[in-house]
Amino acid sequence: MKDTTQRKDWFETVYEIVRQIPKGKVTTYGRIAELIGTRGSARMVGWAMNKAHNQLPKVPAHRVVNRLGVLTGKHHFANPMAMQKALEKEGIKIVKDQIVNFEKHLWQPSEK
DNA sequence: ACCGTGACTGGCA
DNA sequence: ATGCCAGCCACGG
């Protein structure tokens with residue numbers, strides 16, 4: 001079924017997952033990619049985030065980091081510090097663009 | 001229609 | 001231990 005109605009399914013799936021991230025939690029691109037079923041295409045997830053900038057409702061891309069817990073995409077935000085600041089506002093501490101206790105804040109979609 | 005790029009990841013040298 | 005390369009899928013020019 002590849003009707004036009006399902007065209008945006010892939011991107012929308014990414015957004016949907018990212019929106020499911022609870023406040024004060026973070027996840028990785030690879031993790032999301034794996035949830036989608038396209039494990040290995042973590043790049044696409046990040047790219048989807050780039051496009052998510054125009055998506056509604058807004059996607060908490062600031063809660064998505066690479067597997068090292070580093071804010072790799074901070075430079076893609078309107079303001080690079082906006083990402084770090086947003087995370088700190090959620091209770092996440094960041095040092096040198098890296099999340100402290102990354103695994104502790106890592107969102108685990110075990111419940112979904 | 002083809003090539004290059006991209007907010008990643010994992011493996012090999 | 002550190003660095004480089006290849007794989008992955010989708011979109012833009």
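Residue numbers start from 1 in every chain, and the chains themselves are labelled A, B, ... in the order their sequence lines are given, proteins ahead of strands.
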*Which is true for A:T72 with a 4.0 Å heavy-atom rule: it touches a base, it touches only sugar-phosphate, or it touches nothing?*
sugar-phosphate

*asked:* Is any side-chain heavy atom of A:Q20 closer than 4.5 Å to one of A:W107?
replied: yes

*Closest non-hydrogen atom pair, A:F77 against A:H62*: CZ-N, 3.4 Å

*Are A:V64 and A:I94 grouped together when hydrophobic residues (ILVMFWY) are joined by side-chain heavy atoms under 4.5 angstrom apart?*
no

*Less than 4.5 Å apart, any side-chain heavy atom of A:R31 and any of A:V45?*
no

*A:L71 versus A:I99: any side-chain heavy-atom pair under 4.5 Å?*
yes

*Which atom names give the shortest non-hydrogen contact between A:M49 and A:A61, and what distance separates them?*
SD-CB, 3.8 Å

*Near-strand residues of residues 74-102 of chain A, defined as heavy-atom separation under 4.0 angstrom from DNA chain B*: A:H76, A:F77

*What are the two closest heavy atoms between A:L56 and A:R19, and how far apart are they?*
O-NH1, 4.3 Å

Could you pull out the protein-nucleic contacts involving nucleotides 10-13 of chain B (nitrogen or oxygen on both sides, under 3.5 Å)?
residue	atom	partner	partner atom	Å
B:dG10	OP2	A:R67	NE	2.6

*Mind calculating the distance between CE (A:M49) and P (C:dC9) to the nearest angstrom?*
18 Å

_Distance check needed: C:dG12 P versus A:F11 CZ, whole Å only._
8 Å

*What does A:A33 touch in the nucleic acid at a heavy-atom separation under 4.0 angstrom: a base, only the sugar-phosphate, or nothing?*
nothing

_In this structure, how many angstroms lie between the P atom of C:dC9 and the CD1 atom of A:I32, rounded?_
17 Å

*asked:* Grouping I, L, V, M, F, W and Y whenever their side-chain heavy atoms are under 4.5 Å apart, do A:V59 and A:I32 come out in a common cluster?
replied: yes

*Evaluate the side chain to side chain contact (heavy atoms under 4.5 Å, CB included) criterion for residues A:M44 and A:W10: first the C-alpha distance (whole Å), next the side-chain angles of each, then the deciding distance (0.1 Å), finally the verdict.*
CA-CA 10 Å; A:M44 289 288 68; A:W10 195 90; 3.1 Å; yes

*Distance-minimising heavy-atom pair for A:L106 and A:T27*: CD1-CA, 3.6 Å

_Strand DNA chain C as a dot-bracket string - pairs counted if Watson-Crick or G-U with both distances under 3.5 Å, | where the partner lies in another strand_ = .||||||.|||||

*Look up atom NE2 in A:H76 and atom NE2 in A:H53, then write down how far apart they are to the nearest 0.5 Å.*
12.0 Å

*Selection: residues 50-57 of chain A, any non-hydrogen atom under 4.0 Å of DNA chain B*: A:N50

*Measure across A:Y29 and A:N66 and return the closest heavy-atom pair with its distance rounded to 0.1 Å.*
CE1-N, 3.4 Å

_Under the salt bridge (Lys or Arg N to Asp or Glu O under 4.0 Å) test, residues paired with A:E90 that sit two or more places apart_ = A:R63

*Answer yes or no: is there a side-chain heavy-atom contact under 4.5 Å between A:Q84 and A:D97?*
yes

*Looking only at non-hydrogen atoms, find the nearest pair between A:Y15 and A:A52 and report the distance.*
CE2-CB, 3.2 Å

_Can you list, in residue-number order, the parts of residues 40-48 of chain A that come under 4.0 Å of DNA chain B, counting heavy atoms only?_
A:A42, A:R43, A:M44, A:G46, A:W47

